[in-house]
Amino acid sequence: MIMNSWKADGSVNTPWLHPEATPTIRAAVGLRLKLMPYLYTQLWRAAREHLPVLRPTFFDFGADRETWQDNDEMMVGPDLLVAPVFEPGARTRRLYLPHAPQGWFDWWTGAHHAGGQTVEVAAPLHHLPLFVRGGALVPTTDGVNDSARTEESSRALLWFPGRSGDDAALLYEDDGLHHADAADRHVVHRLAAQAHAAQLKLSLTSDGVWPLPYKQIRVVLPAGETRKIDIAVPAGAVLLVA
């Protein structure tokens, strides 16, 4: 996320020096900041469990032979699949969606695609092809104020339920200032989800006693999702609000 660099002649290259590109760069930075709770959790898991944040699709879907073919799609953690565009002037992108029990959701349009197929999607300059694994629970920030995003204390949980199936996710929180992994320096939220034909169930448990800067997590479902949500949280815990 750094485009400036030191140059011997003292020249400076920053986004706001290129008005024609600033909106596109702002959109990319905004997406990164929105996804910071998810990315931060994946970095914590990388340090704790030695799981790479960026990984080839065969890392998570090794049973799918097609993922072992030469490709440049990649997973960001267990739930997001990105397909960078490397061809000059290209505004569409073909990519392979691995076999996933609950398919894939297009991050931008919400369209659902079955796994195990190649799709062609739009790839305009202001966003890259990005897909979410069906069933995934993706923690994000919930604010819209760009100037506050680096210290954003609100949380939203984007849930992409399939027609049926169980799923789980972690959300790691700390103040970003300490190295110790003591219980009073962080909180780990453990989320469990169940999707049924007529109902969705979601529960949360938390470990650690660090004082969180928020009291609730807003649950966001894809547009058009009409199933009732049954939410369970322990007394005194962070609230999940549909």
Side-chain angles (χ1 to χ4, degrees), residues 1 21-39 42 54-55 57 60-61 64 66-67 71-144 146 149 152 154-165 167 169 191 193 195 197 200 202 217-229 242:
M1 297 304 300
T22 299
T24 300
I25 297 168
R26 177 182 289 275
V29 173
L31 175 62
R32 173 180 179 266
L33 294 174
K34 181 179 181 65
L35 287 171
M36 190 58 70
Y38 175 81
L39 297 173
Q42 302 313 314
L54 298 181
R55 58 238 209 172
T57 52
D60 294 279
F61 302 96
D64 184 343
E66 191 64 27
T67 64
N71 70 82
D72 49 26
E73 295 100 61
M74 70 187 78
M75 298 297 296
V76 182
D79 298 322
L80 301 181
L81 184 153
V82 296
V85 176
F86 296 107
E87 298 178 6
R91 295 297 180 267
T92 62
R93 165 68 206 254
R94 288 176 59 82
L95 66 141
Y96 179 75
L97 297 173
H99 281 286
Q102 301 183 62
W104 297 87
F105 288 85
D106 187 311
W107 175 271
W108 306 108
T109 69
H112 183 267
H113 301 268
Q117 65 170 327
T118 298
V119 298
E120 183 169 350
V121 296
L125 286 177
H126 61 277
H127 68 238
L128 83 167
L130 175 61
F131 288 81
V132 188
R133 181 183 57 80
L137 302 152
V138 182
T140 69
T141 60
D142 199 25
V144 295
D146 283 343
R149 283 283 187 86
E152 176 58 67
S154 66
R155 293 291 181 267
L157 180 68
L158 310 188
W159 184 11
F160 298 83
R163 297 315 303 169
S164 64
D167 226 297
L191 297 142
L200 302 173
L202 183 63
I217 300 173
R218 188 169 68 96
V219 180
V220 182
L221 297 173
E225 177 60 69
T226 59
R227 283 173 287 183
K228 178 183 176 182
I229 306 181

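For residues 114-135, every residue pair satisfying the ring pair (Phe, Tyr, Trp, His ring centres under 6.0 Å) rule, not counting sequence neighbours, is listed here: W108-H127, H113-F131. Counting only residues at least two apart or on different chains, no ring pair (Phe, Tyr, Trp, His ring centres under 6.0 Å) pair has a member in residues 77-103.
T57 contributes atom OG1, which lies 4.5 Å from atom CG of N71 (distance to the nearest 0.5 angstrom). The line from OG1 of T140 to CE of M36 is 12.0 Å long, rounded to the nearest 0.5 Å. Atoms CG and CD1, from L221 and I229 in turn, are 4.0 Å apart once rounded to the nearest 0.5 Å. The OH atom of Y38 sits 11.0 Å away from atom CG of L137, with the distance rounded to the nearest 0.5 Å. Here the straight-line distance linking atom CZ of R227 with atom CZ of R163 works out to 4.0 Å at 0.5 Å rounding. With rounding to the nearest 0.5 Å, the separation of CZ in R93 from CD in E87 is 8.0 Å.
Two residues are said to be in side-chain contact when any heavy atoms from C-beta on lie closer than 4.5 Å; L35 and W107 meet this criterion. For the pair V132/L158, no side-chain contact is recorded, criterion being any heavy-atom separation below 4.5 Å from C-beta on. Between T141 and R155 there is a side-chain heavy-atom pair separated by less than 4.5 Å. Between I217 and P139 the shortest side-chain heavy-atom distance does not fall below 4.5 Å. The shortest side-chain heavy-atom distance between R133 and W104 falls under the 4.5 Å cut-off. Between P84 and M74 there is a side-chain heavy-atom pair separated by less than 4.5 Å. Between L95 and T118, every side-chain heavy-atom pair lies at or beyond the 4.5 Å cut-off. Using a 4.5 Å heavy-atom threshold, the side chains of L125 and V85 count as separate.
Contact detail for P98 and L81: the closest heavy-atom pair is CD-CD1, 3.5 Å. For the pair A193 and W159, the tightest heavy-atom approach, listed with the atom from each and the gap, is CB-CZ2, 3.4 Å. For the residue pair F105 and P161, the shortest heavy atom distance occurs at CZ-O, 3.6 Å.
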- Just do the side-chain contact (heavy atoms from CB on, under 4.5 Å) check on D60 and R55 with the steps written out, would you? CA-CA 8 Å; D60 294 279; R55 58 238 209 172; 2.9 Å; yes

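Remark: side-chain polar atoms of H112 are paired, donor with acceptor, to backbone N or O of Q102 under 3.5 angstrom.
Side-chain contact of T92 with E120: a donor-acceptor pair under 3.5 Å is present, judged by distance alone.
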